[in-house]
Student: 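Just dropping this structure here.
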Amino acid sequence: MSVDFSKIFEPISIGGVTLKNRIMMSPMEVGMGESGGFVSERLIEYMKERAANDVAIIITGSIGVSPEGRGLATQLSCYDDKFIPGLKKLTDAVHEAGGKIGAQIYHAGRQASEQITGLQPIAPSPIPCPIMQGNPREMTEEDIRIVRQKFVDGAKRLEKAGFDIIEVHLAHGYLLHGFLSPFSNKRTDQYGGNLENRLRFPRQVVKSIIESVKVPVTIRISAEEFIEDGLHIDEVIEICRILEQDGIKAISVSAGSYGSLPWVIQPMMIERGFLVPYAEKIKNAVKIPVIVAGRINQPEMVAEIINSGKSDMVALGRPLITDPEFVRKIKEGKQDRIAKCIACNQRCIDNVFIGKHASCLINPRAGNEIDIVIQKAAVKKKVMVIGAGPAGMAAAKTCAERGHDVILVEAMRELGGKISLASAAPGKSEFALTGEYYTREVRALDNINIKTDVKADSDLIKKEAPDTLIIAAGSQPVIPPVEGIEGENVFTAEEIMLDKSFVPNKVVVVGGGLVGCDTALELASRGCEVTIVEMMPEIARDIGLIVKMVLLKELEEAQVKVITGKRLKKVTQEGIILEEEGKESQLAGDAVVLAVGYRSRNVESLKGIVKEEYVIGDAREVAKASDAIEEGFLIGLKV
Ligand SMILES: Cc1cc2nc3c(=O)[nH]c(=O)nc-3n(C[C@H](O)[C@H](O)[C@H](O)COP(=O)(O)O)c2cc1C
Ligand code: SF4
């Protein structure tokens, strides 16, 4: 049945501001500001590109109203007039590109970074944030008055800078949500206790802003905190009703707080569109527009939400990092060509957590719009790419887009390489979208000649005589050289993932990185008793914060045992022998699964034949899929 996308393009008004369609760019702190909180050219180019591709309204990442209330050095600020010119440049750029722009105004409360601000965080109650682990001070009534005024002053500056709406951040455990939530607000005065009291300060802030600016004021709120003694949907509905009476013009629905971080920026294990039922409940209680976000990465899902009236608008965050043309492609009937965010978090929020600007595993150009423009090559070349894994496909796609003629040679029948394997793990099926996207794109380009089931060798290279050779032949599992490793009870993680019928009783997984953890979960889901053995002091060291939190919880729930700090010494008929500081111990298992990493495939026989030659991806150095795609893309720009 064909999907009707037309309703997405019906305009909607938020407090008198007309939006040309129903898609908002969800607020995202992308680490692109200048240190100190100023707008940068990088941020302008990044937002301009999304606005130029028909996103109706972009909401900025959170903008700090006070120096002690900031979470990142690069986060925008509005606590001084000095920030206005940069912010004005940003709003002008988005307006010129045909979009509207809203400012998300916030104070991080106990979730501020003391390391960055050098100031003690303030909070409703002096309870450290479970993630930031700071030492917050309980706000006095005087603090409450001062911060309320800072919100007002900040909002006035944002209005002056040309923002079309002001979104007050009542979500994610930051200061105002911190007051709303019984999880972080333990006060016994008029600002704590029952809902009326917990709402008092956030309500004062919202009302004061409404009284002080002419632009519409909206809120973003966590519909559900997903913490037992946190803020739940019933109270949130009540809050929305009250704030609607006070004059807010729209409600943007999100989830979680730092105490439940995976619900704030949901990894792929969380169901697509999980917030839609919450948004629907809120919508049924109010008359103003409701906007829903969270793992909505399919154009058909956007249409279904809008068509069914469960929400008036959809806010897309990461999907618009991945594909800035998401909305335009729907408008032009090319929705099949959208690159879909897989909620891996690897290059967006994980980058921001380590002080880099956000980009994307699938789209390495994201965040680099200022530096990278894909241009036709000056001289057309014949390019041969060996290997159609992530690096090879990214290289082939970029070379072809730049006008080169490409031959893409793959030894397997299917394209995709290790990506297909990653998607076989429990809860990781979204990974398949990456392979699907690149496969579709390379197949759609007329100037790529794809040869599958073909093993490239020196004869083939000589026969094709390309101007440029890109070797992206990937990697193969490391087999540690220990006694018994050739035994029939030893398997690689790949073999386990590919043979779903394999169900031993007791399994030892050697290696506790991402592949080992995924394999352990897969085996546990088949009913096996699983132990992970890792020689380092902890498992999941190569995984970003949010995915790691979910994965560790899943391993615990699946009763997977974990042994760290011990090295595999020997494999026996009965299991394995481990060694720690010269002391040996035994671990029983019917099967031993190796997940101790990969090593580059030997490509020496392919080298030295073509003058312009590159070895990329795992074939050069084993790394993550995101590194491989980025490298392929960058080589594609260079050829
Ligand atoms: C890099 C990054 C930064 C974010 N920063 C903010 C923020 O500043 N304010 C906010 O309300 N939400 C923030 N979020 C949450 C998103 O707005 C969005 O709700 C979430 O990513 C789920 O939607 P999505 O699946 O469309 O990305 C951020 C998300 C990401 C990935
Ligand atoms: S890095 Fe992963 S989660 Fe982030 S935008 Fe790209 S695909 Fe989505």
Side-chain angles (χ1 to χ4, degrees), residues 23-33 46 55 58-64 70-72 74-76 102-106 108 111 167-174 176-177 218-223 252-258 261-268 270-276 279 291-298 301-302 314-324 326 338-354 356-367 419 428 430-431 433-434 437 544-547 624-627 629-630:
I23 299 183
M24 165 183 276
M25 182 153 103
S26 206
M28 284 181 292
E29 168 45 46
V30 279
M32 291 182 205
Y46 157 81
V55 172
I58 291 172
I59 307 294
T60 64
S62 34
I63 304 182
R70 300 176 67 232
L72 284 167
T74 50
Q75 192 161 43
L76 301 184
Q104 186 183 61
I105 190 165
Y106 105 129
Q111 295 177 179
E167 179 183 274
V168 187
H169 206 330
L170 295 188
H172 305 166
Y174 297 117
L176 300 180
H177 186 243
T218 66
I219 59 160
R220 186 159 215 229
I221 192 158
S222 293
S252 175
V253 177
S254 188
S257 67
Y258 280 20
L261 195 57
W263 294 100
V264 178
I265 304 177
Q266 312 85 26
M268 62 177 77
I270 291 179
E271 199 191 348
R272 288 178 190 160
F274 74 103
L275 270 172
V276 176
I291 304 141
V292 67
R295 293 275 288 113
I296 301 167
N297 62 350
Q298 309 283 327
M301 185 176 247
V302 176
V314 169
L316 303 178
R318 294 164 295 177
L320 284 171
I321 300 183
T322 304
D323 197 337
F326 193 111
I338 290 173
K340 290 169 191 139
C341 164
I342 58 169
C344 66
N345 283 347
Q346 284 184 23
R347 280 285 170 114
C348 49
I349 194 64
D350 285 354
N351 268 15
V352 176
F353 283 153
I354 57 168
K356 291 181 173 178
H357 69 75
S359 185
C360 176
L361 174 142
I362 296 163
N363 170 18
R365 189 171 164 265
I419 287 180
K428 299 288 176 68
E430 291 290 63
F431 263 114
L433 295 174
T434 312
Y437 169 71
L545 177 67
I546 294 179
V547 172
K624 291 184 172 176
S626 53
D627 299 309
I629 290 175
E630 182 180 34

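Both backbone and side-chain heavy atoms feed into the values below; hydrogens, waters and symmetry mates do not. Remember, it's 1-based here, ligands and their atoms both numbered in the order they're listed.
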Student: Just by distance, do the side chain of S222 and the backbone of H172 share a donor-acceptor pair under 3.5 Å?
Tutor: yes
Student: Look at the side chain of Q346 and the backbone N and O of C348, then say whether any donor-acceptor pair between them is shorter than 3.5 Å.
Tutor: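 Such a contact is absent between Q346 side chain and C348 backbone.
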Student: Under the side-chain contact (heavy atoms from CB on, under 4.5 Å) rule, collect the residues that match up with T322, sequence neighbours excluded.
Tutor: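 Once residues adjacent in sequence are excluded, the partners of T322 under the side-chain contact (heavy atoms from CB on, under 4.5 Å) criterion are A339, C341, C360, I362.
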Student: If you leave out waters, which protein N, O or S atoms are less than 2.8 Å from atom 2 (Fe) of ligand 2?
Tutor: C344 SG
Student: Taking C-beta and beyond as the side chain, do I63 and I105 meet within less than 4.5 Å on heavy atoms?
Tutor: no
Student: Using side-chain contact (heavy atoms from CB on, under 4.5 Å) as the criterion, list what pairs up with A343, not counting sequence neighbours.
Tutor: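 A343: side-chain contact (heavy atoms from CB on, under 4.5 Å) contacts with M268, R295, R318.
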Student: Please assess H357 against T74 for the test side-chain hydrogen bond (donor to acceptor under 3.5 Å, both in side chains), listing each intermediate value before the final yes or no.
Tutor: CA-CA 9 Å; H357 69 75; T74 50; over 6 Å; no
Student: Tell me the residues surrounding ligand 1, counting only those with a heavy atom closer than 4.0 angstrom, sorted by chain and number.
Tutor: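 Only S26, P27, M28, E29, G61, S62, Q104, H169, H172, R220, S254, V264, I265, Q266, G294, R295, L316, G317, R318, P319, I349 have heavy atoms that fall under 4.0 Å of ligand 1, ordered by chain and number.
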Student: Using 4.0 Å as the upper bound for N to carboxylate O, is an ion pair formed by K340 and E430?
Tutor: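 K340 and E430: not salt-bridged.
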Student: For the side chain of E167 and the backbone of I59, is there at least one donor-acceptor N/O pair under 3.5 Å apart?
Tutor: no
Student: Would you call the rings of Y106 and H169 parallel, tilted or perpendicular, where under 30° means parallel and over 60° means perpendicular?
Tutor: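 Taking H169 first and then Y106, their aromatic rings sit tilted (interplane angle of 30° to 60°).
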